[in-house]
Amino acid sequence: MSTESYYCDVRSCPVDGNWAQWGRWSPCSARCSGGTQRRYRYCSNPHPSSGGKECPGDRVEIVRCNTKPCRGKVSLYKAFDYNSNQLIKEREVRGRWRKGPMP
């Protein structure tokens, strides 16, 4: 392992970014037949500065949740949600529509 040493003004030394802790999990996007949960972290402990490196890895973690099938008659309808800029799905379960992002 080699090391590199150099002198610099403290205000201009590169500072590599480091991840802060993960945030809380979002609610599941569906009650049944599979949804997703997300949690985020930020490259802010510290922020990269003066040419330092960005944090490696992903900023968001996504897991599946509520994967058991819905009971009763289920039909799917696909649509695009322009507010969140995502594909969404709606399921009719016993006459009620349920919304959530596409898995």
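Listed for the Thr36 side chain is no donor-acceptor partner under 3.5 Å among the backbone atoms of Arg64. Remark: the backbone N or O of Cys70 is paired with a side-chain donor or acceptor of Ser33 at under 3.5 angstrom. In this structure, the side chain of Gln37 does not engage the main chain of Val63 through any donor-acceptor pair within 3.5 Å.
Atoms SG and CZ, on Cys65 and Arg31 in that order, are 12.5 Å from each other to the nearest 0.5 Å. The SG atom of Cys32 lies 11.5 Å from the NZ atom of Lys68; values are rounded to the nearest 0.5 Å.
Lys53 approaches Asp16 most closely through the heavy-atom pair N-OD1, 2.8 Å. Across every non-hydrogen atom of Gly52 and Pro48, the tightest pair is O-CB, 3.8 Å. Heavy atoms only, all atoms of each residue included: Gly17 and Cys43 are closest at CA-SG, 3.8 Å. Between Gly35 and Ala30, the shortest heavy-atom contact is CA-CB, 3.9 Å. Here the closest non-hydrogen pair linking Arg39 and Arg24 is CB-O, 3.6 Å.
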Open item on the list: Using the rule given for side chain to side chain contact (heavy atoms under 4.5 Å, CB included), can you reason through Glu61 versus Trp25, listing the C-alpha separation, both sets of side-chain angles and the distance that settles it, and then say yes or no?
Closed with: CA-CA 9 Å; Glu61 186 174 19; Trp25 287 104; 3.9 Å; yes
- [ ] Begin from the C-alpha positions of Val15 and Ser49 and carry the test side chain to side chain contact (heavy atoms under 4.5 Å, CB included) through to its verdict.
- [x] CA-CA 5 Å; Val15 175; Ser49 63; 3.4 Å; yes
TODO: I would like to know whether Trp19 and Arg59 meet side chain to side chain contact (heavy atoms under 4.5 Å, CB included); could you show each step before the answer?
DONE: CA-CA 9 Å; Trp19 292 113; Arg59 186 176 80 87; 4.1 Å; yes
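Residues Cys28 and Asn66 meet the side-chain proximity criterion, which asks for heavy atoms closer than 4.5 Å.
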